[in-house]
Amino acid sequence: MNTLNLKSKIFDAPGFSKDVRLTPDELAVFRDAITEQWLSVIGATHPELVSQFREVGISNYHQLAHLLSHETLWPKQTRCLPKHSCDKIKVLPFFQTLRDELGEFAISDVFYGDTHEAGREEIYWRLVRPNAAKDVGSLHADKWFHDVMGMDDQAFSAEAETVKIWIPIFSQPGKNGLMIVPNSHRKSYRYHAAPGAGGMKPVIDEDVETLGAELMLTEPGNMLIFNEGILHGGAVNMGDQTRVSVEITMVFANRSTPTAQ
């Protein structure tokens, strides 16, 4: 059987893979689900604006964003896909590819701030407007978030191993993407916890310019899959469209389960 060797790449070197991509049909499922929720959230507070946003489309959200209170409207909880959308996504073929490569896993529960929605699977999306530095997060490792937010033994057990899936849904390769520091899961970095929007967040205490972060330029649907210890962060969107991405956390029941072979 052909293999993508994901275990070795994610848990050994370089700590991530960009070898899995959505089919056009799978990408369409994500786009439809996100657009549906995006319009629903807008409609809940500004029903008079829904037709305008629908007409320009989510990739041009920034053209009309001034009509809304962006920061107020889009906390994480309004960007976690509803169950009916998650159920459609979970049966897409790419999930079977990941299970064939990595073994059985669950999807993390919804977790934001001090809120844990037990039993609700978390598949959530982000809006990154052009030239909006505050729309992207700084370099961090997911394990830091798990620690400072107290997610162990809540969203998943303390014995679990997690792996992040990051998928660009609407993007412009060469103008936006995700920053990753290859092999950073093998090193230790200083950080501290600080209050932020939605709860405590980790803040790195290193000179990020010296860490060797690389911009991963991927086409829509070409996912990045990485170790919970990998340093990563958003890149300022230098394009002329809103970047939309999805994040899913795979949870392996025991840290010894997904060992590289």
Using every non-hydrogen atom in the two residues, find where Ala33 and Leu81 come nearest and quote the distance to one decimal. O-CD2, 3.8 Å

Apply the hydrophobic cluster definition, ILVMFWY joined by side-chain contacts under 4.5 Å directly or through others, and give me every member besides Tyr124. none

Over 60° means perpendicular and under 30° means parallel, so classify the ring planes of Trp144 and Tyr191, tilted if in between. parallel

Parallel, tilted or perpendicular: rings of Tyr61 and His70 (30°, 60°): tilted

Keeping the roles fixed (side chain from Ser171, backbone from Pro168), state whether a donor-acceptor pair exists under 3.5 Å. no

Return yes if some donor-acceptor pair links the side-chain N/O of Gln52 with the main-chain N/O of Leu49 below 3.5 Å, else return no. no

Between the main-chain N or O of Val163 and the side-chain N or O of Glu228, is there a donor-acceptor pair closer than 3.5 Å? no

Salt bridge check: are Lys134 and Glu71 linked by an N-O gap of less than 4.0 Å? yes

NZ/NE/NH1/NH2 to OD/OE distance under 4.0 Å, Glu104 and Arg99: yes

Charged N to carboxylate O below 4.0 Å: is that the case for Glu26 and Arg21? no

Checking Arg243 side chain against Asn176 main chain: does a donor-acceptor pair fall under 3.5 Å? no

Short question: side chain of Thr242, backbone of His62 - any donor-acceptor pair under 3.5 Å? yes

Pair Tyr112, Glu122 - check side-chain hydrogen bond (donor to acceptor under 3.5 Å, both in side chains), show working. CA-CA 10 Å; Tyr112 50 87; Glu122 182 180 277; over 6 Å; no

Distance from Lys9 atom NZ to Phe16 atom CZ, nearest 0.5 Å? 10.0 Å

Quick one: closest heavy-atom pair of Ile230 and Asn183, and the distance? CD1-N, 3.9 Å

Do the side chain of Asn222 and the main chain of Lys18 share a donor and acceptor less than 3.5 angstrom apart? yes

Would you check, one step at a time, whether the test side-chain hydrogen bond (donor to acceptor under 3.5 Å, both in side chains) holds for His140 with Tyr189? CA-CA 9 Å; His140 67 278; Tyr189 301 91; over 6 Å; no

Keeping the roles fixed (side chain from Thr35, backbone from Asp32), state whether a donor-acceptor pair exists under 3.5 Å. no

Determine, using the 4.5 Å side-chain heavy-atom cutoff (strictly less than), whether Leu4 and Phe105 are members of one ILVMFWY cluster. yes

For the side chain of Trp125 and the backbone of Ile34, is there at least one donor-acceptor N/O pair under 3.5 Å apart? no

When every non-hydrogen atom of Val251 is compared with those of Ala160, the smallest separation belongs to CG1-CB, 3.7 Å

Begin with the C-alpha distance, continue with both residues' side-chain angles, and end with the deciding distance and a verdict on side-chain hydrogen bond (donor to acceptor under 3.5 Å, both in side chains) for Glu36 and His84. CA-CA 11 Å; Glu36 176 185 58; His84 72 269; 3.0 Å; yes

The criterion is ring-ring contact (aromatic ring centres under 6.0 Å, His included); which residues satisfy it with Phe170, sequence neighbours excluded? none

Using a 3.5 Å distance criterion without hydrogens, assess whether the side chain of Glu101 forms a donor-acceptor pair with backbone atoms of Asn5. yes

Aromatic ring proximity, centroids under 6.0 angstrom, Phe156 and His116: no

